[in-house]
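Shown next, in structure tokens, is the structure this report addresses.
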Amino acid sequence: MKDIMIKKLNEEQRPRERLIKYGVNNLSNEELIAIIIKTGSKTCSSMTLARQLLSKLKNIKDLKNITINNLTNINGIGKVKAIELIASIELGKRVFYYEDNNNFIVLNNSTKVFNYFKDILMYEEQEHFYAIYLDPQSRIISYKLLFKGTLNTSCVHPREIFKYAFLESAYSIIVIHNHPSGEVTPSAPDIELTNVLFEIGKLMGIPVVDHIIIGKTKYYSFYENMHK
């Protein structure tokens with residue numbers, strides 16, 4: 001079937017015009033992607049490129065982990081289009097996870113930490129290590145992604161964790177990382193790293209109060225398991 005270019009569609013069928021008339025919530029995933037990539041190629045429209053992209057995904061959530069190489073493997077999507085789409089996805093993630101008033105979010109137990117961060121981590125395919133910096137009332141000052149990849153004491157540098165703690169004037173720290181498998185039982189490197197961080201926190205006067213491993217539906221808290 002011959003592809004129909006966007007400019008040859010009736011205005012009622014064009015994604016941008018439909019967004020203006022009906023609102024962004026009424027557009028399909030295909031139409032939203034077509035708007036972001038703007039133009040098609042010589043042989044197919046932006047709608048067709050969007051359709052081809054979606055056909056390679058199990059579901060829309062897979063866009064969270066898509067790469068520039070994945071996108072440029074689709075005929076008609078070059079590096080510029082791929083970069084724009086990747087940037088749009090990342091911006092959407094940041095908007096979704098951003099809180100206007102972090103200082104009012106109290107993380108004084110592991111369940112609250114899990115509920116706050118699970119959506120950030122549960123779909124990641126690599127281990128991600130975050131440090132959460134808290135004030136004396138256990139309110140979030142900030143949190144930072146510090147490392148990616150399999151955790152061990154040689155790749156996780158305590159100096160980075162505590163450098164930001166001093167810069168943020170943090171009272172205490174919680175560290176978290178995910179297990180992509182969903183299994184939250186700590187590994188030997190997890191235990192070794194936790195012991196090191198707890199000891200350094202005591203020496204530095206900025207205690208690491210917990211290390212939480214986040215799975216897809218559950219978590220493991222070192223603090224909870226030490227105080228059973």
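Because only heavy atoms are used, hydrogens play no part in the values below, and waters and symmetry mates are left out as well, while side chains stay in.
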Problem - His227 (side chain) donor-acceptor with Asn225 (main chain) under 3.5 angstrom - result: no
Handout entry: Leu107 side, atom CG; Ile105 side, atom CD1 - distance, nearest 0.5 Å
Key = 7.0 Å
Completion exercise
Rounded to the nearest 0.5 angstrom, the CD1-CG distance for Ile86 and Leu63 is 8.5 Å
Exercise for the section: Check whether any side-chain heavy atom of Met204 lies under 4.5 Å from a side-chain heavy atom of Lys202, and answer yes or no. Expected result: no
Exercise for the section: Report whether Ile33 and Met47 are members of the same hydrophobic cluster (ILVMFWY, side-chain heavy atoms less than 4.5 Å apart, transitive linking). Expected result: no
Exercise for the section: Indicate yes or no: does Arg139 engage Asp135 in a salt bridge with an N to O separation below 4.0 Å. Expected result: yes
Handout entry: Evaluation steps, side chain to side chain contact (heavy atoms under 4.5 Å, CB included), between Glu160 and Phe129
Key = CA-CA 12 Å; Glu160 291 296 314; Phe129 183 94; over 6 Å; no
Problem - Where Asp190 and Pro186 come nearest, the two heavy atoms and their spacing - result: OD2-CA, 3.6 Å
Handout entry: Non-hydrogen side-chain atoms of Thr185 and His179 separated by less than 4.5 Å
Key = no
Handout entry: Centroid separation Tyr171 to Tyr133 less than 6.0 Å
Key = no
Handout entry: Side-chain touch Ile66/Leu57, heavy atoms, less than 4.5 angstrom
Key = yes
Exercise for the section: Taking the side chain as every heavy atom from C-beta outward, state whether Ser110 and Tyr219 have any atom pair closer than 4.5 Å. Expected result: yes
Problem - Heavy-atom side-chain contact between Leu146 and Tyr130 under 4.5 Å - result: no
Exercise for the section: Answer yes or no: is there a side-chain heavy-atom contact under 4.5 Å between Ile174 and Val208? Expected result: no
Problem - Qualifying residue, where the test is salt bridge (charged side-chain N to carboxylate O under 4.0 Å, His left out) with Glu31 and the options are Arg51, Arg16, Arg18, Arg14 - result: Arg18
Exercise for the section: For the pair Lys144 and Glu168, find out whether any cationic side-chain nitrogen is under 4.0 Å from an anionic carboxylate oxygen. Expected result: yes
Exercise for the section: For residues Pro15 and Leu27, report the shortest heavy-atom separation together with the two atoms involved. Expected result: O-CD2, 3.6 Å
Problem - Same apolar cluster: Leu91 and Val24, side chain cutoff 4.5 Å - result: no
Problem - Side-chain touch Ile141/Leu134, heavy atoms, less than 4.5 angstrom - result: no
Exercise for the section: Could I get the full list of salt bridge (charged side-chain N to carboxylate O under 4.0 Å, His left out) partners for Lys218, not counting sequence neighbours? Expected result: none
Practice task
Could you tell me how the ring of His211 sits relative to the ring of His177: parallel (under 30°), tilted (30 to 60°) or perpendicular (over 60°)?
Solution key: tilted
Exercise for the section: Check whether more than 12 heavy atoms from other residues, nucleotides or ligands sit under 6.0 Å from atom CD of Glu125, and answer yes or no. Expected result: no
Practice task
Begin from the C-alpha positions of Glu84 and Lys38 and carry the test side chain to side chain contact (heavy atoms under 4.5 Å, CB included) through to its verdict.
Solution key: CA-CA 10 Å; Glu84 290 174 344; Lys38 298 185 181 72; 3.3 Å; yes
Practice task
Over all heavy atoms of both residues, which pair between Ala170 and Ile206 is shortest? Give the atoms and the distance, please.
Solution key: O-CG2, 3.8 Å
Exercise for the section: Might you confirm whether atom CG of Asn73 has over 12 heavy atoms from other residues, nucleotides or ligands at distances under 6.0 Å? Expected result: yes
Handout entry: Taking every non-hydrogen atom, the tightest pair across Ile173 and Ala165
Key = CD1-CB, 3.8 Å
Fill in the blank from the handout: Rounded to the nearest 0.5 Å, the CG atom of Asn26 sits from the CG atom of Leu19 at a distance of 9.5 Å
Problem - Ser88 side, atom OG; Ile36 side, atom CD1 - distance, nearest 0.5 Å - result: 4.0 Å
Exercise for the section: Kindly give the heavy-atom pair with the smallest separation between Ile214 and Phe117, and that separation in Å. Expected result: CD1-CB, 4.0 Å
Problem - Residues, nucleotides or ligands: over 12 heavy atoms within 6.0 Å of Lys112 NZ - result: yes
Problem - Pair Tyr164 and Phe166, ring centroids less than 6.0 Å apart - result: no
Handout entry: Cluster link Ile89 to Val80, ILVMFWY, side chain under 4.5 Å
Key = no
Problem - Stepwise side chain to side chain contact (heavy atoms under 4.5 Å, CB included) test for Thr67 and Asn70 - result: CA-CA 5 Å; Thr67 66; Asn70 295 149; 3.0 Å; yes
Problem - Residue pair Asn29 / Leu54, side-chain heavy-atom distance below 4.5 Å - result: yes
Problem - Verdict with supporting geometry, Ile120 and Tyr143, side chain to side chain contact (heavy atoms under 4.5 Å, CB included) - result: CA-CA 12 Å; Ile120 298 176; Tyr143 56 88; 4.2 Å; yes
Completion exercise
So CD1 of Ile213 and CG of Leu121: to nearest 0.5 Å the spacing works out to 12.0 Å
Exercise for the section: Answer with yes or no whether the hydrophobic clustering places Val196 together with Tyr220; edges join I, L, V, M, F, W, Y residues whose side-chain heavy atoms lie under 4.5 Å apart. Expected result: yes
Problem - Inter-residue atom distance Cys44.SG - Leu49.CG, 0.5 Å rounding - result: 4.0 Å
Exercise for the section: Give a yes-or-no answer on whether the side chains of Lys81 and Ser46 include a donor-acceptor pair shorter than 3.5 Å. Expected result: no
Practice task
Grab the two heavy atoms, one from Lys61 and one from Asn59, that are nearest each other, plus how far apart they are.
Solution key: N-OD1, 2.9 Å
Practice task
Report yes or no: do Ile161 and Leu203 belong to one cluster of Ile/Leu/Val/Met/Phe/Trp/Tyr joined by side chain heavy-atom distances under 4.5 Å?
Solution key: no
Problem - Polar side chain donor-acceptor pair, Ser181 to Glu183, under 3.5 angstrom - result: no
Fill in the blank from the handout: side-chain hydrogen bond (donor to acceptor under 3.5 Å, both in side chains) with Ser221: of Asp210, Thr111, Asn109, only one passes, and it is Asp210
